[in-house]
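The sequence lines fix the lettering, A, B, ..., with proteins before strands; numbering per chain opens at 1.
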Amino acid sequence: MSTNTELAAMFHTMATVLEISGANGFKVNANVKVARTLEDLVEDIATIEDVTTIQGIGKSSAAKIKEYIETGSMSGYDELISSIPNGLLAVMNVQGLGPKTVGKLWKEAGVVDIPSLKEAIEDGRLELLPRMGKKTIQNITESLAFLATHANRSRLGVAMPIALAFLEKLQQCKGVSNITYAGSLRRGKETIGDIDILASTDEPAILIKAFCEDKDVEKVLAKGETKCSIRVKKGMQIDLRVVDRKTFGAALLYFTGSKEHNIILRERAIDQDKKLNEYGLFESGSEVNDSSSTEEEIYSSLSLPWIPPEIREDRGELSCKKIPRLVEINDIRCDLHCHTTASDGQMSIQELAHHAIERGFHTIAVTDHSQSQGQANGLKADRLRKHIDAIREANENIEGITILAGTEVDIHPDGTLDYDDDLLAQLDIIVASPHSALNQSPDDATKRLIAAIEHPLVHIIGHPTGRIINKRKGLEPDIMALVSAAKEHSTALELNANYYRLDLKDTHVRAVCEGGALLAINTDAHRPEDFNQLQYGILTARRGWATPSNCINCLEHDKLLAWLRSKC
DNA sequence: GCCGTTTTCGGCCCGACTGTTTTCAGTCG
């Protein structure tokens with residue numbers, strides 16, 4: 001684990017312990033903010049001379065961070081953590097249980113962890129506590145069962161189809177004038193906690209009934225006149241919020257978040273003697289809506305440009321002089337990392353080419369696995385030579401697209417490649433990716449990837465960390481060092497659009513773009529439907545503030561080929 | 001704990017829903 005990640009986890013833990021202990025809420029929030037800042041930070045915190053220059057990190061936290069970097073421990077941390085039972089932190093993950101209740105469960109019912117919470121429910125101890133009725137205990141029991149069987153957050157590509165399916169059904173309801181998804185899904189986060197749906201309708205009761213009684217609903221968690229929550233059979237929670245048509249824009253802004261972005265907007269409103277909530281922007285003390293029918297109008301009233309949802313994360317978007325024109329799906333003109341039946345793909349070269357033509361691409365790269373990838377039917381040298389011939393022939397015979405002969409060559413743990421240079425030199429495009437030894441040390445990973453970046457024949461580093469979201473951490477290279485080397489050698493770093501990967505991730509993408517290196521957004525398609533994954537890559541790229549000029553997939557045909565040939 | 005073009009102290013976003021209690025605390029987003 002990187003120092004940033006370790007420290008972030010410690011600050012999160014401190015915040016939770018403080019919260020259970022009943023500490024000042026603002027102090028709790030300050031610790032959460034430090035944790036979040038550390039999570040977003042791409043540079044190794046240890047390399048930053050004065051961390052108080054980072055917004056949100058003050059003297060106190062800076063001293064703790066410094067001490068941890070220098071000594072490997074943090075004074076006060078162990079004492080704080082040991083002030084509550086270790087297992088109590090897990091109890092905080094139970095839906096419906098917050099710091100006040102968890103503190104009460106501990107002090108008044110002897111609950112110290114999940115098992116003892118279950119015991120306290122079974123032996124009736126919980127019922128003896130004030131404000132702990134049958135219904136509350138039933139809800140806790142159900143939350144415990146849910147927690148035991150489900151991961152906390154779903155991958156973006158899991159949540160999106162569920163949301164779209166619900167939208168399609170709900171917009172059929174009588175009276176619905178506006179319906180969309182908001183929340184972290186609209187912001188395109190790599191994982192989604194729950195799906196937020198926002199609607200305006202003349203017939204709220206009909207919509208709410210349809211929502212709560214849908215065949216995919218497993219449990220109705222809350223049901224009011226304007227707000228309902230359900231859990232669907234696939235395990236995700238969906239919140240529906242019904243608002244007046246006139247306030248849809250304000251509500252969309254509010255429910256898109258992020259929370260941190262909203263807080264700054266509200267503070268900005270207060271500075272202007274106004275009040276912002278989900279119903280609109282109001283002059284102070286007035287019930288008269290300033291202007292709130294669209295998001296654009298609200299931002300404008302706050303003297304701000306409209307900010308794309310993907311960057312509403314309090315990562316500088318509200319102090320930025322000019323919001324760049326972020327990359328869009330229609331800017332993408334080619335896919336430079338795809339597989340065929342030659343290795344582990346399901347499409348022939350011809351099928352791949354036809355799907356690419358359908359998408360309006362001018363170029364498609366055939367990049368099957370290299371020889372070390374036995375389980376993926378990776379190509380030995382002689383098979384690759386024949387494959388190159390087949391690709392060249394297809395390129396001759398198929399009109400309307402350029403088909404590039406390429407490879408996704410393994411980067412060995414020591415940084416060498418899985419084919420000889422002589423063979424690589426025969427190809428049009430070389431994507432080099434790590435597939436093995438994905439738990440090597442950050443130093444080794446950095447050396448390994450930089451060796452590949454510096455290789456004169458390599459065009460793109462594929463899924464640089466090898467992570468699998470919610471499953472595998474992957475490599476933790478020094479991203480700033482990679483970016484610097486990538487810029488120097490004109491090697492692109494990939495944002496693999498597959499929603500299991502999204503590798504590089506959003507903050508890494510931003511480092512690539514700000515560092516002046518090239519970004520490649522590829523689907524790594526193995527099946528025709530994989531081309532649809534591009535949407536997730538685009539969302540992630542936008543979260544990383546990527547513009548078309550950062551991205552080689554946005555180049556016109558001749559410029560792309562010129563860049564490819566510039567490597568020799 | 002953090003912050004400051006009202007600066008070193010005083011303030012820090014806002015509202016819906018639930019369950020339990022009868023006027024509201026706690027949780028969630």
Side-chain angles (χ1 to χ4, degrees), chain A residues 11 14-15 18-20 22-37 51-65 76 80 91-105 126-127 129-140 142-143 182-187 189 192-198 204 208 220-230 237-243 247 250-251 253-271 273-282 284 302 314 319:
Chain A
F11 277 93
M14 288 193 286
L18 286 166
E19 213 178 5
I20 295 172
N24 177 309
F26 299 110
K27 184 172 171 178
V28 173
N29 283 344
N31 276 279
V32 171
K33 178 151 192 189
V34 173
R36 200 174 161 272
T37 304
V51 298
T52 61
T53 54
I54 301 170
Q55 182 78 10
I57 301 183
K59 266 190 186 170
S60 167
S61 298
K64 290 191 176 102
I65 291 167
L80 181 65
V91 179
M92 281 288 284
N93 293 329
V94 179
Q95 187 170 33
L97 293 184
K100 295 283 197 313
T101 312
V102 170
K104 194 165 68 178
L105 290 175
L126 238 55
E127 289 173 44
L129 297 181
R131 299 189 70 84
M132 198 52 80
K134 278 205 171 64
K135 190 87 189 187
T136 303
I137 291 173
Q138 175 68 21
N139 284 340
I140 296 173
E142 286 176 13
S143 295
S184 53
L185 187 59
R186 184 164 179 241
R187 302 202 310 281
K189 278 194 75 168
I192 307 297
D194 50 45
I195 295 169
D196 294 297
I197 294 180
L198 181 68
I208 286 168
V220 177
L221 301 167
K223 186 178 174 187
E225 287 178 5
T226 64
K227 188 178 165 184
C228 311
S229 295
I230 58 168
Q237 180 177 326
I238 309 181
D239 297 337
L240 171 68
R241 189 67 185 247
V242 183
V243 300
T247 64
L253 179 63
Y254 178 82
F255 289 108
T256 297
S258 66
K259 185 180 168 187
E260 291 78 11
H261 180 88
N262 283 350
I263 287 175
I264 298 179
L265 285 184
R266 287 172 177 217
E267 287 171 350
R268 200 173 169 108
I270 290 168
D271 284 346
D273 211 23
K274 292 172 182 168
K275 185 175 82 164
L276 179 63
N277 60 25
E278 63 259 58
Y279 301 108
L281 182 63
F282 302 92
S284 186
L302 294 171
D314 183 21
S319 53

Which part of the nucleic acid, if any, lies within contact of [X], taking any heavy atom under 4.0 Å across all strands shown: a base, the sugar-phosphate backbone alone, or nothing?
| X | result |
| --- | --- |
| P99(A) | sugar-phosphate |
| K134(A) | sugar-phosphate |
| I264(A) | nothing |
| K223(A) | sugar-phosphate |
| N29(A) | nothing |
| G257(A) | nothing |

With a 3.5 Å distance limit and no angle check, can you tell me whether [X] reaches the backbone of [Y] through a side-chain donor-acceptor pair?
| X | Y | result |
| --- | --- | --- |
| R268(A) | L302(A) | yes |
| K64(A) | G76(A) | no |
| S258(A) | H261(A) | yes |

Using the [atom1] atom on both, measure [N] against [M] and round to a whole Å.
| N | M | atom1 | result |
| --- | --- | --- | --- |
| dA25(B) | dT20(B) | C1' | 10 Å |
| dA16(B) | dG11(B) | C1' | 25 Å |
| dC12(B) | dT7(B) | C1' | 15 Å |
| dC14(B) | dC9(B) | C1' | 25 Å |
| dT23(B) | dT18(B) | C1' | 15 Å |
| dC13(B) | dG4(B) | P | 15 Å |
| dT21(B) | dG26(B) | C1' | 14 Å |
| dG1(B) | dT8(B) | C1' | 14 Å |

In whole Å, I'd like the distance from the [atom1] atom of [X] to the [atom2] atom of [N].
| X | N | atom1 | atom2 | answer |
| --- | --- | --- | --- | --- |
| E260(A) | dC2(B) | CD | C1' | 15 Å |
| Q55(A) | dG4(B) | CD | C1' | 10 Å |
| N31(A) | dC12(B) | CG | C1' | 15 Å |
| N139(A) | dG19(B) | CG | C1' | 9 Å |
| D271(A) | dC3(B) | CG | C1' | 13 Å |
| N24(A) | dG11(B) | CG | C1' | 11 Å |
| L97(A) | dC28(B) | CG | P | 7 Å |
| I192(A) | dG29(B) | CD1 | P | 13 Å |

(message) Checking understanding here: a glycosidic angle within 90° of 0 is syn, the rest anti, so what is dT7(B)?
(response) syn

(message) Strictly by Watson-Crick or wobble contacts shorter than 3.5 Å, is anything paired with dT8(B), and which nucleotide is it?
(response) none

(message) Please evaluate residues L105(A) and L129(A) with respect to the criterion side chain to side chain contact (heavy atoms under 4.5 Å, CB included), reporting the C-alpha separation (whole Å), side-chain torsions for both, the decisive distance (0.1 Å), and the verdict.
(response) CA-CA 8 Å; L105(A) 290 175; L129(A) 297 181; 3.9 Å; yes

(message) Nearest heavy atom decides the nucleotide; on that basis, is V94(A) or R131(A) closer to the 5' end of DNA chain B?
(response) R131(A)

(message) On DNA chain B, does the nearest nucleotide to V34(A) precede the nearest nucleotide to T136(A) from the 5' side, or the other way round? Give the residue.
(response) V34(A)

(message) Just to verify, which of R36(A), R266(A), R187(A) counts as forming a salt bridge (Lys or Arg N to Asp or Glu O under 4.0 Å) with E260(A)?
(response) R36(A)

(request) Go through the steps to decide whether T101(A) and R131(A) satisfy the test side chain to side chain contact (heavy atoms under 4.5 Å, CB included), and finish with yes or no. (result) CA-CA 10 Å; T101(A) 312; R131(A) 299 189 70 84; over 6 Å; no

(message) It should be established whether T101(A) places a side-chain nitrogen or oxygen under 4.0 Å from OP1 or OP2 of nucleotide dT27(B).
(response)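 True: T101(A) side-chain N/O within range (under 4.0 Å) of dT27(B) OP1/OP2.
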
(request) Taking only the side-chain nitrogens and oxygens of S61(A), find out if one of them lies under 4.0 Å from OP1 or OP2 of dC2(B). (result)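 Looking at the OP1 and OP2 atoms of dC2(B), one of them is under 4.0 Å from a side-chain N or O of S61(A).
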
Atom pairs under 3.5 Å, N or O on each side, protein against nucleotides 13-16 of chain B: can you list them with distances?
| from | atom 1 | to | atom 2 | distance (Å) |
| --- | --- | --- | --- | --- |
| dC13(B) | OP2 | E267(A) | OE2 | 3.2 |
| dC13(B) | O2 | R266(A) | NH1 | 2.7 |
| dC14(B) | O4' | R266(A) | NH1 | 2.2 |
| dC14(B) | O2 | Y254(A) | OH | 3.4 |
| dG15(B) | OP1 | K275(A) | NZ | 3.2 |
| dG15(B) | OP1 | N277(A) | ND2 | 3.3 |
| dA16(B) | OP1 | Y279(A) | OH | 2.8 |
| dA16(B) | O3' | T226(A) | OG1 | 3.3 |

(message) In the structure I gave you, are the side-chain heavy atoms of D314(A) and K33(A) within less than 4.5 Å of one another anywhere?
(response) yes

(request) Check the pair L18(A), L80(A) against side chain to side chain contact (heavy atoms under 4.5 Å, CB included), reporting the backbone distance first and the verdict last. (result) CA-CA 8 Å; L18(A) 286 166; L80(A) 181 65; 4.0 Å; yes

(message) Please report the interatomic distance CG(N262(A)) to CG(L276(A)), rounded to the nearest 0.5 Å.
(response)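 These two atoms lie 7.5 Å from each other.
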
